[in-house]
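Shown below is the structure under consideration.
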Amino acid sequence: MNESIVETPAAGAVVVHALQESELAGFLEGRQAFLAGYAQTSDFKAKAGQILIAPNTEGAIDRVLFGLGGSADPMALRALAARLPAGDYRLAATPAGMSADQAALAFALGAYRYGRYKQGGVGDHARLFVEGADVAEVRQQAHACALARDMINTPANDMGPLQIETIAREIAHHHGAQITVITGEGLLEANYPAIHAVGRAAVEARAPRMIELQWGEADKPLVAIVGKGVVFDTGGLDIKPSAGMRLMKKDMGGAAHALALGRMIMAAGLPVRVAILAPVVENAISGDAMRPGDVLNSRKGLTIEVGNTDAEGRLILADALTRAAELSPALTLDLATLTGAARAALGPEIPPYYTDDDVLAQQIQTASDQTGDPLWRMPLWKPYADALDSEIADIKNDPDAWAQAGSVTAALFLQRFAPAGPWAHFDIFAWNGRGRPGRPAGGEAQAIRALYRLVRDRFS
């Protein structure tokens, strides 16, 4: 991997000054008149994301000025990585309001490009030295986020259930974790009936599977991380329109995030045990596909009426969360690209999360603020649970229309299967619909930097 964060400054590295608007005048005062004049001519005012690549009198790059706007967003340097020409740079000073690690990680995340299917790849990029940064720690987090983004960006023909299993096995091997994979008809024998029902319509080579990875010492508290892994979602017999199906290669984003978060925790050697639980299926259409009106069994023993085959993610998560409960975790986190309603409520850039544990919610919000990884708590509004009542089964997967709040009712469905104790559900989007400097259009890692900080601080 071509690293964007380096351990030592290269000889001749260009100096980068990251400045807030209020700092610009003081910075320019007393410096070469040429630089101040060039900044004025270029209308550089240190607004957020502004960049000034200043030449010396001979025309070579002398230094770079980068605008932070009115405050230092911990992720501000993501945009810098996308705007610098390839070469070696050195950050003059870590901006006030962020740590050296935050500055370095933001730059590393902003340098991400996906070039698997482009001739020549993505080419060279800028490399930055940040004094005081823990380069090993920054790289581990950046690599984990890149893994999630790579998996999400990869089309479904190259990212099926077997490929996700292969990635999970590679992670387990690298970190000395145990891994168990139950596939196809074996899911029925092992009592994962809902996972089997959702994935059984796929061809044999893309058979459904339950991936379980465990790491850590037996006397440590267990963190269960559950991720929805629908490698492609046609909607099933309740088929999606073409526009709704276009991005469904990303419907395995929850599994990608779960693997990435688990990898961060293992790489850091945090004092916990980790169980990564990833139900992985393709919601395909065939003569064996589940039908609207079917009643499914679940691992928990609750029967589920299928009102809509396009609400399949919560079905596979039901079995996985039940398995998590059997492990008696100290903390359970589940991540899923679950509902369009979450996007209608908060848009694509702020994932909602749900928990009835106020202490956990505060810790999540603190970690979100500290890492610049936006999250927003939504209510587990109990009166809406009635919308999930079924006339013939214990629960149904599509709420009555009167409840309207689709992301809330999805969370309430999952809560019926979640382990006792601290649990939080994250309804992520995992995608940048628009390209911005440092945030190219395509797969995005959401919530896992904050959750890594949460686990680190909660169990330190």
Side-chain angles (χ1 to χ4, degrees), residues 1-10 13-18 48-49 51 64 66 68 72-95 97-116 121-153 256-257 259-261 263-268 349 367-368 370-374 430 432 435-453 456:
M1 183 173 182
N2 189 5
E3 301 290 358
S4 57
I5 296 297
V6 296
E7 296 177 352
T8 56
V14 176
V15 178
V16 177
H17 303 272
I51 189 168
V64 173
F66 181 72
L68 300 173
D73 173 359
M75 287 289 108
L77 297 193
R78 285 184 74 147
L80 174 64
R83 289 178 166 168
L84 285 177
D88 292 301
Y89 299 85
R90 175 173 61 85
L91 191 63
T94 300
M98 69 175 76
S99 69
D101 281 6
Q102 286 175 329
L105 180 57
F107 189 88
L109 294 173
Y112 172 84
R113 297 292 181 274
Y114 184 72
R116 177 172 175 176
V122 295
D124 293 332
H125 55 68
R127 295 172 295 276
L128 182 68
F129 169 74
V130 181
E131 187 172 1
D134 184 338
V135 173
E137 167 79 1
V138 167
R139 285 179 177 173
Q140 290 289 3
Q141 291 192 51
H143 289 180
C145 291
L147 170 67
R149 295 161 86 178
D150 281 350
M151 291 177 70
I152 294 163
N153 280 323
H257 278 63
L259 288 168
L261 175 56
R263 177 176 156 174
M264 281 188 203
I265 293 170
M266 290 185 285
E349 297 173 14
S368 170
Q370 289 173 338
T371 57
D373 199 0
N432 289 322
R436 293 174 290 159
R439 293 174 170 82
E444 183 57 276
Q446 295 182 315
I448 55 176
R449 290 185 292 105
L451 295 182
Y452 169 73
R453 175 69 68 91
R456 190 194 74 180

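Everything quoted here is computed from the prediction, not taken from an experiment.
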- Message: Would Tyr89 and Val64 count as a side chain to side chain contact (heavy atoms under 4.5 Å, CB included) here? Give the steps.
- Response: CA-CA 9 Å; Tyr89 299 85; Val64 173; 4.1 Å; yes
- Message: Quick check: closest heavy atoms across His17 and Ala92, and the distance to 0.1 Å?
- Response: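 The pair with the smallest heavy-atom distance is ND1-CB, 3.5 Å.
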- Query: Of all residues at least two apart in sequence or in a different chain, which pass the side chain to side chain contact (heavy atoms under 4.5 Å, CB included) check with Ala256?
  - Reply: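 If we apply the side chain to side chain contact (heavy atoms under 4.5 Å, CB included) test to Ala256, skipping adjacent residues, the hits are Ala148, Met151, Ile152, Met252.
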- Query: What pair of heavy atoms forms the shortest contact from Gly443 to Asn153, and how long is it?
  - Reply: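 Gly443 and Asn153 have their closest heavy atoms at N-OD1, 2.7 Å.
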- Item | Check: Phe66 and Leu77 side chains under 4.5 Å, non-hydrogen atoms |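 The answer is yes, as the side chains (C-beta and beyond) meet within the 4.5 Å cut-off.
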- Message: Quick one, Gln141 and Arg453 - any side-chain contact, counting heavy atoms below 4.5 Å?
- Response: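 A side-chain contact under 4.5 Å is absent here.
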- Item | Asp134 CG to Leu105 CG distance, which is reported to the nearest 0.5 Å |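 Rounded to the nearest 0.5 Å, the CG-CG separation comes to 11.0 Å.
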- Task: State, with a plain yes or no, whether a side-chain heavy atom of Leu109 is found less than 4.5 Å away from one of Arg449.
- Result: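 Yes. Closest side-chain heavy atoms under 4.5 Å.
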- Side-chain ion pair, Glu349 and Arg439, N-O less than 4.0 Å: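 Salt bridge between Glu349 and Arg439, a charged N being under 4.0 Å from a carboxylate O: no.
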- How many angstroms lie between OG1 in Thr8 and CZ in Arg90, if you round to the nearest 0.5 Å?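 Separation between the atoms: 12.0 Å.
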- Among Asp373, Leu261, Thr371, find the one that has a side-chain contact (heavy atoms from CB on, under 4.5 Å) with Tyr452.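 Filter result, single survivor: Leu261.
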- Under the 3.5 angstrom rule, does the side chain of Gln140 hit a backbone N or O of Met264 as a donor-acceptor pair?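 No.
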- Return the minimal non-hydrogen interatomic distance between Ala111 and Ser4, and the atom names on each side.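 Taking Ala111 first and Ser4 second, the nearest heavy atoms are CB-CB, 3.7 Å.
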- Task: Please report the closest heavy-atom contact between Ala108 and Ala142, naming both atoms and the distance.
- Result: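 Minimum heavy-atom separation between Ala108 and Ala142: CB-CB, 3.8 Å.
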- Looking at side-chain heavy atoms only, is the closest gap between His143 and Arg263 below 4.5 Å?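 They are in contact (side-chain heavy atoms under 4.5 Å apart), so the answer is yes.
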- Query: Heavy-atom distance under 4.5 Å between the side chains of Tyr112 and Asp150, does that happen here?
  - Reply: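 Yes; the side chains approach each other to less than 4.5 Å.
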- May I ask you to test the Leu451-His257 pair for a side-chain heavy-atom distance under 4.5 Å?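 The answer is no, as the side chains (C-beta and beyond) never meet within the 4.5 Å cut-off.
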- Report yes or no: does Glu7 contribute a side-chain atom to a donor-acceptor pair with the main-chain N or O of Ala136 at less than 3.5 Å?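 Pair absent, no side-chain N/O of Glu7 close to backbone of Ala136.
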- Query: Shortest non-hydrogen contact from Cys145 to Ile448?
  - Reply: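 The pair with the smallest heavy-atom distance is SG-CD1, 4.2 Å.
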- Report yes if some heavy atom in the side chain of Arg149 is under 4.5 Å from a heavy atom in the side chain of Pro440; otherwise report no.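 The answer is yes, as the side chains (C-beta and beyond) meet within the 4.5 Å cut-off.
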- What heavy-atom pair brings Ala126 and Leu84 nearest, and what distance separates the two atoms?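 Closest approach of Ala126 to Leu84, heavy atoms only: CB-CB, 3.8 Å.
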- Arg127 (side chain) donor-acceptor with Glu3 (main chain) under 3.5 angstrom: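 No, Arg127 side chain to Glu3 backbone: no donor-acceptor pair under 3.5 Å.
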